[in-house]
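Take a look at the structure set out below.
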Amino acid sequence: MGGAEEGPLVAANGHANGAAVEEKLDELRRRLGKADGDPLRIVGVGAGAWGSVFCALLQDAYGHLRDKVHVRIWRRPGRAVDRSTAEHLFEVINSREDVLRRLIRRCAYLKYVEARLGDRTLYADEILKDGFCLNMIDTPLCPLKVVTNLQEAVWDADIVINGLPSTETRDVFGEIGRYWKERITAPIIISLAKGIEASLDPLPRIITPTQMINNATGVPLENILYLGGPNIASEIYNKEYANARICGADKWRKPLAKFLRQPHFIVWDNSDLITHEVMGGLKNVYAIGAGMVAALTNESATSKSVYFALCTSEMIYITHLLEEEPEKLAGPLLADTYVTLLKGRNAWYGQKLAKGELTLEMGDSIKGKGTIQGVSAVDAFYELLSQDSLSVMHPEANKLVAPVEMCPILKALYKILIKRELPPDSILQAIRDETMYDPRERIEMAQSHSLYRPSILGQPRDAKA
């Protein structure tokens with residue numbers, strides 16, 4: 001794909017479409033009260049695959065309007081690119097004539113030759129400027145404005161894109177909050193993070209990335225939104241048709257959905273922030289198990305469908321603990337789960353573990369993939385749902401049990417990934433239990449209002465969803 005300096009959207013679609021794009025930008029600028037000559041400042045925080053692609057999509061769409069918008073992305077400095085990755089990157093560059101010509105034109109090609117020969121060390125922030133995300137080398141992006149100083153990146157941002165893993169969101173936004181103490185107007189924050197934390201003291205409750213950001217920065221929740229959907233970052237940048245939902249308060253979600261929408265990337269809006277954000281974390285949990293099942297059964301369609309039925313019933317059960325009337329697991333929400341179980345880094349991780357090509361001792365940050373967020377989410381959901389204070393009635397035993405007892409797949413994943421008591425193939429035992437009841441019964445139980453536990457979201461017991 002061409003760089004921002006070539007005005008790709010205008011060149012490809014003509015002046016009429018270019019005018020429509022500029023009008024979308026002008027409309028959002030008016031809503032934000034931006035004066036003429038004061039560009040809209042969009043900043044990505046975190047440069048994983050999805051965070052980088054998201055910023056590159058905005059740069060491709062709006063970057064030619066330099067007087068009206070600036071897009072930049074922050075990533076930490078100092079991450080060296082190893083020799084094997086540099087060699088692979090060189091192959092990618094030479095296989096793409098458009099990328100090769102762009103680098104030669106920008107006088108940037110020689111450093112990749114030197115890195116290929118082992119005469120130079122490249123760094124992740126350096127190659128990102130040329131459009132290469134370390135977690136997604138095979139998919140070149142447009143060139144990006146990269147900033148390695150966090151304060152410089154965010155201090156005057158109008159819109160911040162959280163592309164960090166959920167495990168890093170609290171610490172980084174805690175630092176950002178210190179830089180924003182003197183701000184008069186609150187920025188808008190769009191979080192792409194999928195995962196949760198569990199807090200057990202004084203009461204068991206869940207903390208989502210948008211709540212982490214709110215707590216760390218003081219930015220009001222109406223200005224913090226979540227965007228998720230059935231998407232694979234590299235496929236979206238290669239213009240595979242995709243859709244997503246931006247979720248949050250009325251004030252900003254509709255204007256942002258319109259601003260973010262592109263011909264191949266349709267963005268809808270939805271008010272149910274909690275269900276979408278929690279499902280974003282849950283799908284990563286169950287994607288690891290899906291990968292294991294796929295590898296252990298030689299991609300058996302039957303086994304994968306059995307797993308899908310059981311894991312989605314557990315997901316529905318868990319969301320009904322959190323909300324009285326959660327968004328149904330259907331449409332884009334179901335599709336997001338499906339694509340993550342089918343083809344995502346968490347499913348890939350589960351496959352590699354089951355095949356013995358990765359081990360748990362290697363940790364959950366994997367070269368070329370980034371953080372496997374499902375691992376920490378397994379721990380958080382299990383710890384939260386194993387608390388006796390949240391007990392529910394077991395339908396067959398007719399006694400109170402911790403909610404996790406109703407989620408056999410989550411229990412198995414915890415014993416495999418966190419406690420390391422069981423091998424990966426034990427996931428098959430969890431889905432082949434002869435005494436297991438129909439997943440429909442778990443869903444029906446979930447839909448009874450007696451399951452709802454408002455305290456898990458830090459709400460009073462008489463709170464309504």
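Summarising the geometry, atom CG belonging to Leu122 is positioned 6.5 Å from atom CD1 belonging to Ile127; distances are rounded to the nearest 0.5 Å. Summarising the geometry, atom CG belonging to Leu310 is positioned 9.5 Å from atom OG belonging to Ser305; distances are rounded to the nearest 0.5 Å. Put simply, CG on Leu141 and CZ on Phe132 are 8.5 Å apart, with the number rounded to the nearest 0.5 Å. Interatomic distance, Ser376 OG to Asp364 CG, rounded to the nearest 0.5 Å: 6.5 Å. With rounding to the nearest 0.5 Å, the separation of OG1 in Thr337 from CG in Leu341 is 7.0 Å. To the nearest 0.5 Å, atom CD1 of residue Ile443 and atom NZ of residue Lys328 are 10.5 Å apart.
Nearest heavy-atom pair across Lys369 and Ile372 is CB-CD1, 4.5 Å. Listed here is the closest heavy atom pair of Trp180 and Ile189: CZ3-CD1, 3.9 Å. Closest approach of Glu327 and Asn270 over heavy atoms only: OE1-ND2, 3.5 Å. For the pair Arg72 and Ala153, the tightest heavy-atom approach, listed with the atom from each and the gap, is NH2-O, 2.8 Å. Counting all heavy atoms, side chain and backbone alike, Leu384 lies closest to Leu200 at CA-CD2, 4.3 Å. Minimum interatomic distance between Pro209 and Thr169 (heavy atoms only, all atoms of both residues): O-CG2, 4.1 Å.
A donor-acceptor distance shorter than 3.5 angstrom exists from the side chain of Arg345 to the backbone of Thr371, with no hydrogens or angles considered. Without hydrogens or angle criteria, Asp269 side chain to Ile246 main chain gives no donor-acceptor distance under 3.5 Å. At distances below 3.5 Å, at least one donor-acceptor pair connects side-chain atoms of Asn346 with backbone N or O atoms of Gly374. Under a 3.5 Å cut-off, the side chain of Arg253 and the backbone N or O of Lys251 do not form any donor-acceptor pair. A distance-only check finds no donor-acceptor pair linking the side chain of Lys283 to the backbone of Lys194 [under 3.5 Å]. The main-chain N or O of Thr275 is found under 3.5 Å from a side-chain atom of Glu323 such that the two form a donor-acceptor pair. The closest donor-acceptor contact from the side chain of Asn135 to the backbone of Cys133 lies at 3.5 Å or more, if one exists at all. Judged by distance alone, with hydrogens and angles left aside, the side-chain atoms of Gln59 form no donor-acceptor pair with the main-chain N or O of Cys142 at under 3.5 Å. Between the Asn238 side chain and the Glu240 main chain, no donor and acceptor come within less than 3.5 Å of each other.
Inter-residue side-chain proximity for Met292 and Leu413 is flagged as met; some heavy-atom pair is nearer than 4.5 Å. Counting heavy atoms from C-beta outward, Leu353 and Leu417 have side chains that approach closer than 4.5 Å. The shortest distance between side-chain heavy atoms of Met406 and His394 falls below 4.5 Å. Annotation: side chain of Val71 is not in contact with side chain of Tyr62 (no heavy-atom distance under 4.5 Å). A 4.5 Å side-chain heavy-atom check between Glu27 and Phe259 finds every atom pair outside the cut-off. In this structure, the side chains of Val267 and Asn243 stay at 4.5 Å or more apart for every pair of heavy atoms. Side-chain contact between His320 and Pro326 is present, with at least one heavy-atom pair separated by less than 4.5 Å. For the pair Tyr123/Pro77, no side-chain contact is recorded, criterion being any heavy-atom separation below 4.5 Å from C-beta on.
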- Message: The test is side-chain hydrogen bond (donor to acceptor under 3.5 Å, both in side chains); show your working for Tyr237 and Asp60 and say whether it passes.
- Response: CA-CA 10 Å; Tyr237 196 74; Asp60 275 339; 2.6 Å; yes

- Does the pair Tyr452 and Glu325 meet the rule for a side-chain hydrogen bond (donor to acceptor under 3.5 Å, both in side chains), with working shown? CA-CA 9 Å; Tyr452 174 46; Glu325 296 289 346; over 6 Å; no

- Item | Phe381 and Ile206: CA distance, side-chain angles, deciding distance, side chain to side chain contact (heavy atoms under 4.5 Å, CB included) verdict | CA-CA 8 Å; Phe381 278 111; Ile206 202 171; 3.9 Å; yes

- Query: Passes side chain to side chain contact (heavy atoms under 4.5 Å, CB included), Phe173 versus Val160? Steps please.
  - Reply: CA-CA 11 Å; Phe173 274 87; Val160 173; 4.1 Å; yes

- Message: Lys411 vs Glu314, test: salt bridge (charged side-chain N to carboxylate O under 4.0 Å, His left out). Steps then yes/no.
- Response: CA-CA 11 Å; Lys411 286 180 65 178; Glu314 289 191 18; over 6 Å; no

- Task: Please step through side chain to side chain contact (heavy atoms under 4.5 Å, CB included) for the pair Met315 and Tyr286, ending with a clear verdict.
- Result: CA-CA 9 Å; Met315 293 172 74; Tyr286 290 101; 3.6 Å; yes

- Could you go through the side chain to side chain contact (heavy atoms under 4.5 Å, CB included) check for Leu296 and Ser303 one step at a time? CA-CA 10 Å; Leu296 293 165; Ser303 294; over 6 Å; no

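Residue Lys145 places its NZ atom among 12 or fewer non-hydrogen atoms of other residues, nucleotides or ligands, all under 6.0 Å distant. Crowding of Glu182 atom CD: a count of heavy atoms from other residues, nucleotides or ligands under 6.0 Å not exceeding 12. Counted within 6.0 Å of CH2 on Trp348, heavy atoms from surrounding residues, nucleotides or ligands total more than 12; the atom is thus considered enclosed. Atom OH of Tyr179 has more than 12 heavy atoms from other residues, nucleotides or ligands within 6.0 Å. Atom NZ of Lys304 has more than 12 heavy atoms from other residues, nucleotides or ligands within 6.0 Å. Under a cut-off of 6.0 angstrom, the local environment of CZ in Arg261 is crowded, with over 12 non-hydrogen atoms contributed by other residues, nucleotides or ligands.
Using a 4.0 Å cut-off between charged nitrogen and carboxylate oxygen, Glu405 and Lys399 do not count as a salt-bridge pair. For the pair Arg245 and Asp336, the salt-bridge criterion is not met [side-chain N within less than 4.0 Å of a carboxylate O]. A salt bridge links Arg420 with Glu361: the closest approach of a Lys/Arg side-chain nitrogen to an acidic carboxylate oxygen falls below 4.0 angstrom.
Between the side chains of Thr210 and Thr208, at least one donor-acceptor pair of N or O atoms lies under 3.5 Å.
For Asn298, the side chain to side chain contact (heavy atoms under 4.5 Å, CB included) test picks out no residue, with sequence neighbours left out.
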Between side-chain atoms of residues 40-54 and protein atoms elsewhere (two or more places apart, or another chain), which donor-acceptor pairs fall under 3.5 Å?
residue	atom	partner	partner atom	Å
Arg41	NE	Asp156	OD2	3.0
Arg41	NH1	Asp38	OD1	2.8
Arg41	NH1	Pro39	O	3.3
Ser52	OG	Ala47	O	3.1
Ser52	OG	Gly48	O	2.8

